[in-house]
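Keep in mind that this is a model prediction, so the values were computed, not measured.
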Amino acid sequence: MDKNVENVIQPNKKYFTCDNCGEIFYQKLLLEIHFQTHKKGKSYSCYVCHKGFSQKNNLNRHLRTHTNEKSFSCDVCHKGFSQKENLNQHLRTHTNEKPFSCDVCLKGFSQKQNLNQHLRTHTNEKPFSCDVCLKGFSLKSVLHCHFRTHTNEKPFICDVCHKGFSRKSNLKKHLRTHTNEKPFSCDVCHRGFPQKSHLNRHLRTHTNEKPFSCDVCQKGFSQKENLNQHLRTHTNEKPFSCDVCLKGFSQKQNLNQHLRTHTNEKPFSCDVCLKGFSQKQNLNQHLRTHTNEKPFSCDVCLKGFSLKSVLHCHFRTHTNEKPFICDVCHKGFSRKSNLKKHLRTHTNEKPFSCDVCHRGFPQKSHLNQHLRTHTNEKPFSCDMCHKGFSRKTNLNRHLRTHTNEKPFSCDVCHRGFSQKVSLNRHLRTHTNEKPFSCDVCHKSFSQESHLNRHLRTHTKEKPFSFDVCL
């Protein structure tokens, strides 16, 4: 045996490596045969591309790459191959045969080249390096793909939308966006996914696995991109900015949603009422108004809610938590929206105005109630006497005239009242408070109606006449 061959044999290992090209063999005899290809000249050349070969059968195999001849076909799926060894490799996809196994982790492979590539994950060997940035790669094919990041070459073009890709695998994934093909399905819920990575992420929703953790607060995440987004809450980094108003965002999806506020685009529409929405989550929430679905329930009182955010607000009625504090009067609120409304009592801001009389209101609900004074609409009616009311609160007060319910009671004398305003008037009889004063003689009164009667003593007004003595 040639001394050069003996030098490359490593008796302590179960495989043998060629010094010239680094190829690995599991039998000494195969290495010896392979080594002869380095000693012989390449006497056989391709008449098309002039590539040289040391063996004639290798040249014949190569010629089929030019003629596209596929003389070997699979008996199972009838797929054609130009080389018999490629057919043999393909047949293992049907038999799931994996004759090549790793000595380190015992993982099996259907092809020898896949095993050779896998071995580099244990040795961390990266024999292929980029000439531009000197970055190393374990696979030559990955190096080729990487090099396109420098040349910006995108040779794989989509036939549908003509978008270019630097990798064939990326084009293959992209095509599924047109065909809606989802070849990867979850064994638990049978949901389909266009990419295997999407399936792997989804599986963590069943296992509750969170392999990505924050170094600052140790919070765990099931997806790496979620961790990256979370890290910006610590750094306050906002790499995505709006070209219109220059507002910054920590997540690209938030920027995309924000841009619709400028374009007024509403790409998500309801199939029932055709109402449009700028965000998909808003559409999903809206659909529950048609289905009356309430998937979020309170653990204390079991009341159901269509939105998770509303459940959180409701839960504060049990804990009496009021995390939103007014900077002016320090009053607390359980909801941020309530604080926002309250602040208008300090600023006297009235952003909602009536189109008829241009009167301003601090809340939209107040405007809606006011509009009924113009339309005389009374959508709330009493089931007992059928009297109509423009406001629900007025209906509730009216109902107590039928039930004689008096839910508001005085803490001093325990007298009951059907309306809170009546209780407030009554309390002044105990406190002797007289907030209504006459501008003429400065006399004070506990009730506004008493002040109005008193004012007639100054104006000599007599609004009530007696029909008999007219």
Could you tell me the separation between the [atom1] atom of [X] and the [atom2] atom of [Y], rounded to the nearest 0.5 Å?
X: Lys322; Y: Thr317; atom1: NZ; atom2: OG1; answer: 11.0 Å
X: Arg64; Y: Gln83; atom1: CZ; atom2: CD; answer: 7.0 Å
X: Gln369; Y: Phe361; atom1: CD; atom2: CZ; answer: 9.0 Å
X: Gln253; Y: Gln279; atom1: CD; atom2: CD; answer: 9.5 Å
X: Asp299; Y: Phe315; atom1: CG; atom2: CZ; answer: 6.5 Å
X: Lys84; Y: Asn57; atom1: NZ; atom2: CG; answer: 12.5 Å

Do [X] and [Y] have side chains that get closer than 4.5 Å, going by heavy atoms?
X: Ser166; Y: His146; value: no
X: Lys331; Y: Phe324; value: no
X: Pro362; Y: His366; value: yes
X: Pro323; Y: Lys336; value: no
X: His318; Y: Cys301; value: yes
X: His398; Y: Cys382; value: yes
X: Tyr47; Y: Leu63; value: yes
X: Phe249; Y: Lys238; value: no

Item checked: Under the side-chain contact (heavy atoms from CB on, under 4.5 Å) test, residues paired with Leu231 that sit two or more places apart ->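 So Leu231 forms a side-chain contact (heavy atoms from CB on, under 4.5 Å) with Cys214, Leu227, Asn228.
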
Checklist line | Those residues that, when tested against Arg288, pass side-chain contact (heavy atoms from CB on, under 4.5 Å) (two or more places apart) | finding: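 Arg288 satisfies side-chain contact (heavy atoms from CB on, under 4.5 Å) with Gln285, Thr291, Glu293, Pro295, Phe296, Ser306, Leu307 only.
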
Holding to side-chain hydrogen bond (donor to acceptor under 3.5 Å, both in side chains), I want the full list of residues that pass it with [X], two or more places apart in sequence or in another chain.
X: Glu69; answer: none
X: Asn394; answer: Arg397
X: His290; answer: His286
X: Glu225; answer: none

Notebook entry, point to check: How far apart are the closest heavy atoms of Cys158 and Leu175, and which atoms are they?
Noted result: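 Closest pair (atom of Cys158, atom of Leu175, distance): SG-CD2, 3.9 Å.
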
Next item on the list: Give a yes or no on this: more than 12 heavy atoms of other residues, nucleotides or ligands lie within 6.0 Å of atom CG of Asp215.
Entry: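 12 or below, so no.
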
Next item on the list: Could you please spell out the steps behind the side chain to side chain contact (heavy atoms under 4.5 Å, CB included) verdict for Asn68 and Lys70?
Entry: CA-CA 6 Å; Asn68 202 26; Lys70 296 179 179 179; 3.7 Å; yes

